Asker: 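Sending over a structure as structure tokens; questions will come in a sec.
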Amino acid sequence: QVHLEESGGGLVQAGGSLRLSCAASGSIFSINVMGWYRQGPGNQRELVASIHSTGSTNYADAVKGRFTISRDNAKNTVSLQMNSLKPEDTGVYYCNCNANTRATYVGNFWGKGTLVTVSS
């Protein structure tokens, strides 16, 4: 089983910055993709950013140019640097990990979420 622990959420004013971190632990054979999703008030959960094991990244259009996802393979962590935050960025951010717990088994794992609130 893979456990994901998120940190870094909080309250920030518009235009400010926050950095979210997620640490994966447990039975990890290899991590394929790690990413961040969010669910704002009245919205469905959406992909914010993801990063492949190769380093390739993907961003939602709404955050391009403002957010940067990065990883530390040695520590099995992924971070999301969020700059120029907008009230629309408010929501619960969830860490996601697609990983092999064994050489022949792959799973999709979720963190509990961390709240990000951006005041206008």
Side-chain angles (χ1 to χ4, degrees):
Q1 187 68 39
V2 176
H3 302 277
L4 302 176
E5 185 172 342
E6 301 127 325
S7 62
L11 174 65
V12 65
Q13 64 184 44
S17 299
L18 283 174
R19 187 169 189 262
L20 305 182
S21 295
C22 174
S25 61
S27 302
I28 302 172
F29 181 80
S30 63
I31 294 176
N32 305 309
V33 184
M34 294 190 77
W36 290 92
Y37 289 72
R38 70 184 180 189
Q39 186 166 13
N43 298 321
Q44 61 184 12
R45 188 177 298 187
E46 64 180 358
L47 174 68
V48 177
S50 63
I51 184 166
H52 192 267
S53 60
T54 63
S56 178
T57 58
N58 184 52
Y59 295 92
D61 289 342
V63 307
K64 288 181 179 177
R66 299 188 297 119
F67 291 10
T68 302
I69 190 169
S70 61
R71 66 175 187 171
D72 186 330
N73 291 341
K75 298 179 180 179
N76 290 330
T77 60
V78 63
S79 297
L80 185 69
Q81 179 66 45
M82 305 185 294
N83 298 325
S84 301
L85 283 162
K86 304 175 180 179
E88 304 95 281
D89 296 318
T90 293
V92 178
Y93 284 67
Y94 299 90
C95 181
N96 177 75
C97 175
N98 181 272
N100 282 74
T101 57
R102 294 161 56 183
T104 56
Y105 290 90
V106 65
N108 205 40
F109 306 92
W110 293 91
K112 296 179 180 179
T114 184
L115 179 63
V116 172
T117 302
V118 184
S119 62
S120 60

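It should be emphasised that the depicted structure is a prediction, and the values quoted were computed from it without experimental measurement. Basis for what follows: all heavy atoms, side chains included, without hydrogens, waters or symmetry-related copies.
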Asker: Enter the distance from L4:CG to C95:SG here, rounded to the nearest 0.5 Å.
Answerer: 4.5 Å
Asker: What pair of heavy atoms forms the shortest contact from G16 to V12, and how long is it?
Answerer: CA-CG2, 3.8 Å
Asker: Is it possible for you to say whether V78 and V2 belong to one hydrophobic cluster, with membership spreading through side-chain heavy-atom contacts below 4.5 Å?
Answerer: yes
Asker: I need the L18 CG to T114 OG1 distance, nearest 0.5 Å.
Answerer: 9.0 Å
Asker: According to a hydrophobic-cluster definition based on side-chain heavy atoms being under 4.5 Å apart (Ile, Leu, Val, Met, Phe, Trp, Tyr only), do L47 and V92 belong together?
Answerer: yes
Asker: Quick check: is W110 connected to I28 through a chain of hydrophobic side chains (ILVMFWY, heavy atoms under 4.5 Å apart)?
Answerer: no
Asker: Among all residues two or more places apart in sequence or in another chain, which pass the salt bridge (charged side-chain N to carboxylate O under 4.0 Å, His left out) test with R19?
Answerer: none
Asker: Can you name the closest pair of heavy atoms from N83 and S17 and give their distance?
Answerer: OD1-OG, 2.8 Å
Asker: Is the backbone N or O of T68 less than 3.5 Å from a side-chain atom of Q81, with the two atoms forming a donor-acceptor pair by type?
Answerer: no
Asker: Only pairs at least two apart or in different chains count here, so list each side-chain hydrogen bond (donor to acceptor under 3.5 Å, both in side chains) that has a residue in residues 35-49.
Answerer: R38-E46, R38-D89, R38-Y93
Asker: Between Y94 and L115, is there a shared hydrophobic cluster once you connect ILVMFWY residues whose side-chain heavy atoms come closer than 4.5 Å?
Answerer: yes
Asker: For the CZ atom of R102 and the CZ atom of F29, what is their distance to the nearest 0.5 Å?
Answerer: 10.5 Å
Asker: Show the nearest heavy-atom pair for residues A49 and Y59, with the distance to one decimal.
Answerer: CB-CD2, 3.6 Å
Asker: List the residues meeting side-chain contact (heavy atoms from CB on, under 4.5 Å) with A14, not counting sequence neighbours, and say none if there are none.
Answerer: P87, V118
Asker: Between S27 and Q1, does the side chain to side chain contact (heavy atoms under 4.5 Å, CB included) criterion hold? Intermediate values first, please.
Answerer: CA-CA 5 Å; S27 302; Q1 187 68 39; 5.7 Å; no
Asker: State the SG-CZ distance between C22 and F109, to the nearest 0.5 angstrom.
Answerer: 12.5 Å
Asker: On a heavy-atom basis, which atom in I31 and which in A24 lie closest, and how many Å separate them?
Answerer: CD1-CB, 4.3 Å
Asker: Quick one: pull up CG in N98 and NE2 in H52 and give me the separation to the nearest 0.5 Å.
Answerer: 8.5 Å
Asker: Using every non-hydrogen atom in the two residues, find where L20 and G9 come nearest and quote the distance to one decimal.
Answerer: CD2-N, 3.5 Å
Asker: So, taking the atom named CG in L85 and the one named CZ in R66, what distance separates them when rounded to the nearest 0.5 Å?
Answerer: 6.5 Å
